[in-house]
Amino acid sequence: MLDPTLEDALNDQMGREFFSSYLYLAMAAHFDQGNLPGMAAWMRAQAEEEREHAMKFFDHVLDRGGSVRLAAIDAPPEKFGAPLDVFAQALGHEREITAAIDRLFAKADKPTEVFLQWFATEQVEEERSVEQIVEALRMAEDSGAALLMLDRELGSRGTAEA
């Protein structure tokens, strides 16, 4: 049985993960509207991954005899800037999620610590992946050709990771 404080924290994190999915969907729409289909596809894949993360919290709460509480999800921004700005925002968001996972560890019992270890490892991967894209965008600077090459590369995410 879950401690009520831990149950609340897990439900809160589930909400953060669902918001992450919404945020990445909004970013996907931005890139799609900006004629950057590869970046849009990357963000769609990221949105799906975040939804799956939320469902892991959903299942963990239920598996532990807790109550799932699906709270309202804040709307993500509708407007974004240049690709570098968008991916820098995504990196900042991933760092916030990492900090939230770290805070959960402080409240966790042993079974939840084991569960959260997967997320700790995943967040290292998430941050590194987005950091690499941010750095590639910085190197591309104002080169349209470099941006299009990066867009094409990011569009292969779905096929490379499937």
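Between the OG1 atom in Thr98 and the CG atom in Asp102 there is a gap of 7.0 Å [rounded to 0.5 Å]. Put simply, CD on Glu122 and NZ on Lys56 are 8.5 Å apart, with the number rounded to the nearest 0.5 Å. The distance from the OH atom of Tyr24 to the CD atom of Glu50 is 5.5 Å, given to the nearest 0.5 Å. Atoms CG and NZ, on Asp12 and Lys107 in that order, are 7.5 Å from each other to the nearest 0.5 Å. Here the CG-CD1 distance, from Leu84 to Ile133, works out to 11.5 Å after rounding to the nearest 0.5 Å. If you take OG on Ser21 and CE on Met55, they are separated by 11.5 Å, rounding to the nearest 0.5 Å.
The heavy-atom pair separating Leu137 from Leu147 by the smallest distance is CD2-CD1, 3.7 Å. Contact record, Ile101 with Leu116: CG2-O, 4.4 Å, taken as the closest heavy-atom pair. When all heavy atoms of Glu127 and Glu94 are compared, the closest pair comes out as OE2-O, 3.9 Å. When every heavy atom of Pro77 is checked against every heavy atom of Leu23, the shortest pair comes out as CD-CD1, 3.8 Å. Across all their heavy atoms, Pro37 and Asp151 have their closest contact at CD-OD2, 3.4 Å. Counting all heavy atoms, side chain and backbone alike, Trp42 lies closest to Ser129 at CZ2-OG, 3.7 Å.
Considering only heavy atoms from C-beta on, Glu7 stays 4.5 Å or farther from Arg64 through its side chain. Taking 4.5 Å as the limit, every side-chain heavy atom of Val130 sits out of range of all side-chain heavy atoms of Glu126. A 4.5 Å side-chain heavy-atom check between Phe19 and His93 finds at least one atom pair inside the cut-off. Between Gln46 and Met27, every side-chain heavy-atom pair lies at or beyond the 4.5 Å cut-off. You'll find the side chain of Gln117 stays beyond 4.5 Å of the side chain of Glu113, heavy atoms only. At a threshold of 4.5 Å between non-hydrogen side-chain atoms, the residues Phe57 and Arg16 do not count as touching.
Using the six-membered ring where Trp is involved, Phe115 and His60 have ring planes that are parallel, under 30° apart on the 30 and 60° scheme. By the 30° and 60° cut-offs, the orientation of the rings of His53 relative to Phe119 is perpendicular.
A side-chain N or O of Asp109 and one of Thr112 form a donor-acceptor pair less than 3.5 Å apart. For the residue pair Glu17 / Gln13, a side-chain donor-acceptor distance below 3.5 Å is found, with atom types taken as modelled.
Note on Leu36 and Leu25: separate hydrophobic clusters, where clusters join Ile, Leu, Val, Met, Phe, Trp and Tyr whose side-chain heavy atoms are under 4.5 Å apart, directly or indirectly. Under the 4.5 Å side-chain heavy-atom criterion for Ile, Leu, Val, Met, Phe, Trp and Tyr, Leu6 and Trp118 are members of the same hydrophobic cluster. Leu62 and Met14 end up in the same hydrophobic cluster when Ile, Leu, Val, Met, Phe, Trp and Tyr side chains are linked at under 4.5 Å. Residues Val61 and Phe105 share a hydrophobic cluster, clusters being chains of Ile/Leu/Val/Met/Phe/Trp/Tyr side chains in contact below 4.5 Å. Under a hydrophobic-cluster definition in which Ile, Leu, Val, Met, Phe, Trp and Tyr are linked whenever side-chain heavy atoms come within less than 4.5 Å, directly or via other members, Val68 and Phe18 are assigned to the same cluster.
In this structure, His30 contributes its side chain and Gly81 its backbone to a donor-acceptor pair below 3.5 Å. Ser156 places a side-chain N or O within 3.5 Å of a backbone atom of Glu153 that can act as its donor or acceptor partner. Looking at Gln123, its side chain never comes within 3.5 Å of a backbone N or O of Arg95 through a donor-acceptor pair.
Between Arg51 and Glu48 there is a salt bridge, since a side-chain N of the basic residue sits under 4.0 Å from a carboxylate O of the acidic one.
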Exercise for the section: Take Arg138 and Glu135 through the test salt bridge (Lys or Arg N to Asp or Glu O under 4.0 Å) and record every step on the way to the result. Expected result: CA-CA 5 Å; Arg138 281 193 180 118; Glu135 286 308 310; 2.7 Å; yes

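Within 6.0 Å of atom OH in Tyr22, 12 or fewer heavy atoms from other residues, nucleotides or ligands are found, so the atom counts as exposed in its surroundings. Within a 6.0 Å sphere centred on CZ of Arg69, other residues, nucleotides and ligands contribute more than 12 heavy atoms. No more than 12 heavy atoms of other residues, nucleotides or ligands lie within 6.0 Å of CE in Met149, so this atom counts as exposed by the packing criterion.
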